[in-house]
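A quick write-up on the structure given underneath.
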Amino acid sequence: MKPIFIIEDDANIREIEEFALKNSGYETEAFACAGDFFKRLGKVEPSIILLDIMLPDEDGMSVLKKLRLQPDTAEIPVIMVTAKTTEIDKVKGLDSGADDYITKPFGVMELISRVKALLRRTRSSKSEEILRLDEIELCLANRSLKVSGTSIELTYKEFELLALLIQNKGVVLTRDVLMEKIWGIDYLGESRTLDMHIKTLRKKLGDQGEHIKTVRNVGYLAKYDEKN
């Protein structure tokens, strides 16, 4: 079993995360700074990374960007753990490549729930199917996206969300269905997480983002022209 890496400079929080994860059957390795984490990363690949933003030697956002730029670490799931709670902080983390976001203080059950949900999605089988919607082309095999022929980088959750919407194009998917399918039935986070992912996804799709429609008080759908 691949270990879960914890990068947290606060010893009390680090110990709580380790204890909770080990009690749930996960192996863990913890680091108080980015430097120690990167040294270990060169020898062991984690199943998931819990990354604090405020680190003593390097900002967590910088660490995340480095992970996403390297082919060997680009696909490792990352949950940002931070005391910052504003929407702009969360969006910044998601835009930088985080797969999920949890704010301090958090409950142990919430932490375990998010880890389980992310690992469940990560381990799901891959398909060679190509999903298309107008100028959007999504390859499930290598988890790549092209918009009007240009490659676009998506986070793990953004990719899963876009794939689900395109697979059900023309059908309104409720917020509850989207939350359950993408984050898992035991996900305890706020529904605002879904809205933030939709917002960043539309931004990355550019003009093609108009295909993702909001159905007020219900959910979202991928709209398409039946003539095409």
Problem - More than 12 heavy atoms from other groups under 6.0 Å of NZ on Lys146 - result: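 Counting other residues, nucleotides and ligands, NZ of Lys146 stays at 12 neighbours or fewer.
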Handout entry: Asn23 atom CG, over 12 foreign heavy atoms within 6.0 Å
Key =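 Atom CG in Asn23 is crowded, with more than 12 foreign heavy atoms closer than 6.0 Å.
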Practice task
List the steps and the verdict of side chain to side chain contact (heavy atoms under 4.5 Å, CB included) for Leu119 and Tyr26.
Solution key: CA-CA 11 Å; Leu119 287 175; Tyr26 299 107; 3.7 Å; yes
With a 4.5 Å heavy-atom cut-off, do [X] and [Y] have their side chains touching?
| X | Y | answer |
| --- | --- | --- |
| Leu165 | Ile198 | yes |
| Val115 | Leu50 | yes |
| Gln167 | Leu131 | yes |

Exercise for the section: Considering only Ile, Leu, Val, Met, Phe, Trp and Tyr, and joining two whenever side-chain heavy atoms are under 4.5 Å apart, list the other residues clustered with Val215. Expected result: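 Besides Val215, the hydrophobic cluster comprises Val172, Val218, Leu221, listed by chain and residue number.
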Any chance you could measure [X], atom [atom1], to [Y], atom [atom2], to the nearest 0.5 Å?
| X | Y | atom1 | atom2 | answer |
| --- | --- | --- | --- | --- |
| Leu138 | Ile130 | CG | CD1 | 8.0 Å |
| Leu145 | Leu154 | CG | CG | 5.0 Å |
| Ile102 | Thr82 | CD1 | OG1 | 11.0 Å |
| Phe38 | Cys33 | CZ | SG | 10.5 Å |
| Leu41 | Glu29 | CG | CD | 10.5 Å |

Handout entry: Trace of the side chain to side chain contact (heavy atoms under 4.5 Å, CB included) decision for Leu51 with Phe5
Key = CA-CA 8 Å; Leu51 175 61; Phe5 278 9; over 6 Å; no
Handout entry: Glu210 to Asp207 - nearest heavy-atom pair and separation
Key =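 For Glu210 versus Asp207, the nearest heavy atoms are CG-O, 3.1 Å.
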Between [Y] and [X], is there a salt bridge with N-O shorter than 4.0 Å?
| X | Y | answer |
| --- | --- | --- |
| Arg114 | Glu110 | yes |
| Lys116 | Asp100 | no |
| Arg68 | Glu153 | no |
| Lys104 | Asp52 | yes |
| Arg143 | Glu160 | yes |

Practice task
Could you please spell out the steps behind the side-chain hydrogen bond (donor to acceptor under 3.5 Å, both in side chains) verdict for Arg202 and Thr214?
Solution key: CA-CA 11 Å; Arg202 283 172 171 158; Thr214 301; 2.8 Å; yes
Practice task
Could you check Val81 against Phe106 for side chain to side chain contact (heavy atoms under 4.5 Å, CB included), going step by step and ending with a plain yes or no?
Solution key: CA-CA 9 Å; Val81 183; Phe106 54 83; 3.7 Å; yes
Problem - Intermediate values then yes/no, side-chain hydrogen bond (donor to acceptor under 3.5 Å, both in side chains), Tyr220 and Asn168 - result: CA-CA 10 Å; Tyr220 297 95; Asn168 295 274; over 6 Å; no
Practice task
Using atom types as modelled and distance alone, determine if a side-chain donor or acceptor of Asp10 lies under 3.5 Å from a backbone N or O of Asn12.
Solution key: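 Yes.
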Practice task
Please check if the side chain of Glu158 supplies one atom and the backbone of Thr155 the other of a donor-acceptor pair under 3.5 Å.
Solution key: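 Looks like yes, one N/O pair under 3.5 Å.
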Problem - Result of checking Thr200, Leu201, Leu162, Ile182 against Lys157 for side chain to side chain contact (heavy atoms under 4.5 Å, CB included) - result: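 Among the candidates, only Ile182 passes.
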Practice task
Apply the test side chain to side chain contact (heavy atoms under 4.5 Å, CB included) to residues Tyr101 and Ile53: give CA-CA distance (whole Å), side-chain angles for both, the deciding distance (0.1 Å), then the verdict.
Solution key: CA-CA 11 Å; Tyr101 200 107; Ile53 287 184; 3.9 Å; yes
